[in-house]
Amino acid sequence: MNRHALDELKQQIPLMGYLQAHDWSPARPLSGGRWMGLCPLHEDHKPSFLVDTNKDLFYCYGCGRGGDVIRFAELYHQVKFPQAVAWLRQWRGAEPLLQEAARFYRILLHRHSEAVAYLYQRGIRSQALIEHMGIGYAPGGCLRGWLTQLGHSLPALRQAGLVTSVGYDAYVQRIVFPLEGNLYGRSLSLAAPPHRFLPGSKGGLYAWKQVQSHPEVILVEGLFDYAVLWEVGFHNVTCSLGTHLNAHQLRQLCDGPRTVYIAFDADGNGSGQQAAQCLSRSLWERGITARVVSLPEDHDPNSFFVQGGDARQFQSLLEEAQ
Ligand SMILES: [Zn+2]
């Protein structure tokens, strides 16, 4: 990539926008379009991270690192320069497309009774919840036509992973949840793998901005677990989309003092509980209070509520958590 193309990339991705898309928010303004906030690159307790929105540069008085959006991506994602550039290019290209696709899937949801019936059966019943999570449905065989008609190119759709190499919609008969920089698809068909993501990172913790300021946070594995908890009023819930947290998610959980209740699946083989113990230890090592919630055997938070559990019973599980 030549100098000009790099400048163009930086122009299209303002540093502040990129930071905010990664859950950074400024703590206080300084003069001349400059802002101070907590450093997302090291464990920071008082704001030492300076962002200059006019020059599109950052500098941290704590860890002494600074630079432009590419340098930030290198440090934040812990990759080398060429990968950081590739990452940013993909981010720039994919984001509007993913939003467009998610919007289309949302419209389709209510035209497909099988999708609504599936959501109902999994405890997702209120329109407010469906809107809160932006849930949609991908029947298959129509996204490509819709997006190309809007002027998006087929190679761009392929690159974002929305369309397969041979030109079919990647998601067929899947409930779709928009994530930060990705779309999660849950298959309705038993013949297909249940969980799918588009290529690329699964992003940070789900809806982190909304729970970040809570002193107590409930962490679940799946979006259906998230949904039922949110629905009964636990709005301090977030989701790691699997039992393995990526570095970004771990950093988010540890970005301030809080208690984390880990409510992973109590599956028969114990893998969810093992993962919960392991995560709990690594949170304690980082100075975060963690408690593992024990659900009745063979339950996850979703099945707990779908099979009649209520908020008060779940609250006692939280209180008993070790
Ligand atoms: Zn720093």
Side-chain angles (χ1 to χ4, degrees), residues 23 119 121-126 129-130 132-135 175 177-180 182 184-186 194-197 202-246 248-254 258-283 288-322:
D23 288 326
L119 290 179
Q121 171 218 324
R122 299 291 309 268
I124 300 182
R125 295 167 190 176
S126 80
L129 176 60
I130 290 173
H132 166 71
M133 298 184 77
I135 302 172
I175 301 287
F177 296 84
L179 309 173
E180 171 202 324
N182 209 320
Y184 164 75
R186 175 65 166 89
H195 313 288
R196 269 199 62 185
F197 295 90
K202 63 181 174 179
L205 292 169
Y206 187 77
W208 181 242
K209 267 186 208 136
Q210 295 164 36
V211 300
Q212 195 175 15
S213 61
H214 284 271
E216 297 188 334
V217 167
I218 305 168
L219 175 72
V220 296
E221 268 183 64
L223 289 171
F224 287 92
D225 302 323
Y226 172 95
V228 289
L229 279 168
W230 196 87
E231 181 76 332
V232 297
F234 292 98
H235 289 186
N236 57 334
V237 59
T238 184
C239 167
S240 48
L241 302 146
T243 54
H244 177 77
L245 274 71
N246 63 30
H248 178 30
Q249 294 175 328
L250 202 54
R251 212 159 31 216
Q252 287 175 318
L253 271 189
C254 301
R258 62 171 60 87
T259 300
V260 179
Y261 291 89
I262 307 169
F264 285 175
D265 302 2
D267 24 28
N269 61 15
S271 61
Q273 288 301 299
Q274 263 168 29
Q277 294 295 350
C278 180
L279 173 61
S280 158
R281 274 193 298 277
S282 86
L283 289 176
I288 298 290
T289 307
R291 303 196 186 285
V292 176
V293 178
S294 297
L295 290 154
E297 199 169 320
D298 286 328
H299 273 289
D300 55 32
N302 183 267
S303 63
F304 180 80
F305 282 97
V306 167
Q307 292 178 25
D310 61 25
R312 194 183 45 79
Q313 289 166 339
F314 193 82
Q315 183 62 43
S316 5
L317 291 180
L318 291 180
E319 282 155 21
E320 287 159 16
Q322 305 285 312

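Note that these values count all heavy atoms, side chains included, but never hydrogens, waters or copies made by symmetry. Since we're looking at a predicted model, the values are computed, not measured.
Annotation for Gln121: atom CD counts as buried by contact number, over 12 foreign heavy atoms lying within 6.0 Å.
Residues Leu241 and Leu223 have side chains in contact (heavy-atom distance under 4.5 Å, counting atoms from C-beta outward). At a threshold of 4.5 Å between non-hydrogen side-chain atoms, the residues Ser240 and Leu219 count as touching. Taking the side chain as every heavy atom from C-beta outward, Pro215 and Thr259 never approach each other to under 4.5 Å. A 4.5 Å side-chain heavy-atom check between Tyr261 and Thr289 finds every atom pair outside the cut-off. Within the 4.5 Å cutoff, side-chain heavy atoms of Cys254 are placed close to those of Leu283. Within the 4.5 Å cutoff, the side chain of Val260 has no heavy atoms near those of the Ile218 side chain. Annotation: side chain of Arg186 is in contact with side chain of Arg122 (closest heavy-atom distance under 4.5 Å).
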- request: Give the C-alpha distance, both sets of side-chain angles, the deciding distance and a yes or no for side chain to side chain contact (heavy atoms under 4.5 Å, CB included) between Ile135 and Leu119.
  value: CA-CA 10 Å; Ile135 302 172; Leu119 290 179; 4.0 Å; yes
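Taken to the nearest 0.5 Å, the OG atom of Ser303 stands 8.5 Å off from the CG atom of Asp298. For the atom pair Trp208 CH2 and Ser213 OG, the distance stands at 9.0 Å (nearest 0.5 Å). Put simply, CG on Leu253 and CG on Leu205 are 5.0 Å apart, with the number rounded to the nearest 0.5 Å. Taken to the nearest 0.5 Å, the CZ atom of Arg251 stands 12.0 Å off from the CG atom of Leu245. Atom NE2 of residue His195 and atom CD of residue Glu221 lie 8.5 Å apart, to the nearest 0.5 angstrom. For the atom pair Asn302 CG and Gln307 CD, the distance stands at 9.0 Å (nearest 0.5 Å).
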Ignoring hydrogens and angles, write down the donor-acceptor pairs under 3.5 Å from the side chains of residues 229-238, residues two or more places apart or on other chains.
| unit_1 | atom_1 | unit_2 | atom_2 | d |
| --- | --- | --- | --- | --- |
| Trp230 | NE1 | His132 | NE2 | 3.3 |
| Glu231 | OE1 | Ser126 | OG | 3.2 |
| Glu231 | OE2 | Ser126 | OG | 3.1 |
| His235 | NE2 | Trp230 | O | 3.1 |
| Asn236 | ND2 | Glu216 | O | 2.9 |
| Thr238 | OG1 | Tyr206 | N | 3.4 |
| Thr238 | OG1 | Tyr206 | O | 2.7 |

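Between the side chain of Gln212 and the backbone N or O of Lys209, no donor-acceptor pair lies under 3.5 Å. In this structure, the side chain of Gln322 engages the main chain of Glu320 through a donor-acceptor pair within 3.5 Å. With Asp267 contributing its side chain and Asn269 its backbone, the two residues share no donor-acceptor pair below 3.5 Å. Of the possible donor and acceptor atoms, none in the side chain of Lys202 sits under 3.5 Å from a partner among the backbone N and O of Leu179. Without hydrogens or angle criteria, Asp225 side chain to Gly222 main chain gives a donor-acceptor distance under 3.5 Å.
Closest non-hydrogen pair, Val220 versus Pro301, comes out as CG1-CG, 4.0 Å. Shortest non-hydrogen contact noted between Gly134 and Pro178 is O-CD, 3.2 Å. In terms of heavy-atom proximity, Phe305 sits nearest to Ala311 at CE2-N, 3.8 Å. The minimum heavy-atom distance between Asn246 and Gly203, with the atom names listed, is ND2-O, 3.1 Å. Contact detail for Thr243 and Gly272: the closest heavy-atom pair is CG2-CA, 4.5 Å. Looking at every heavy atom in both residues, Leu317 comes nearest to Ser294 through CD2-O, 3.5 Å.
Side-chain contact check for Gln277 and Gln273: no donor-acceptor pair (N or O, by modelled atom type) lies under 3.5 Å.
Under the salt bridge (charged side-chain N to carboxylate O under 4.0 Å, His left out) criterion, Arg258 pairs with Asp255, not counting sequence neighbours. Listed by chain and number, the residues in a side chain to side chain contact (heavy atoms under 4.5 Å, CB included) with Ala276 are Ile262, Phe264, Val292 (sequence neighbours excluded).
The aromatic rings of His299 and Phe304 sit perpendicular, their planes meeting at an angle over 60°, well past the 30° parallel limit.
Residues Phe177 and Phe197 place their aromatic rings such that the two centres sit no closer than 6.0 Å.
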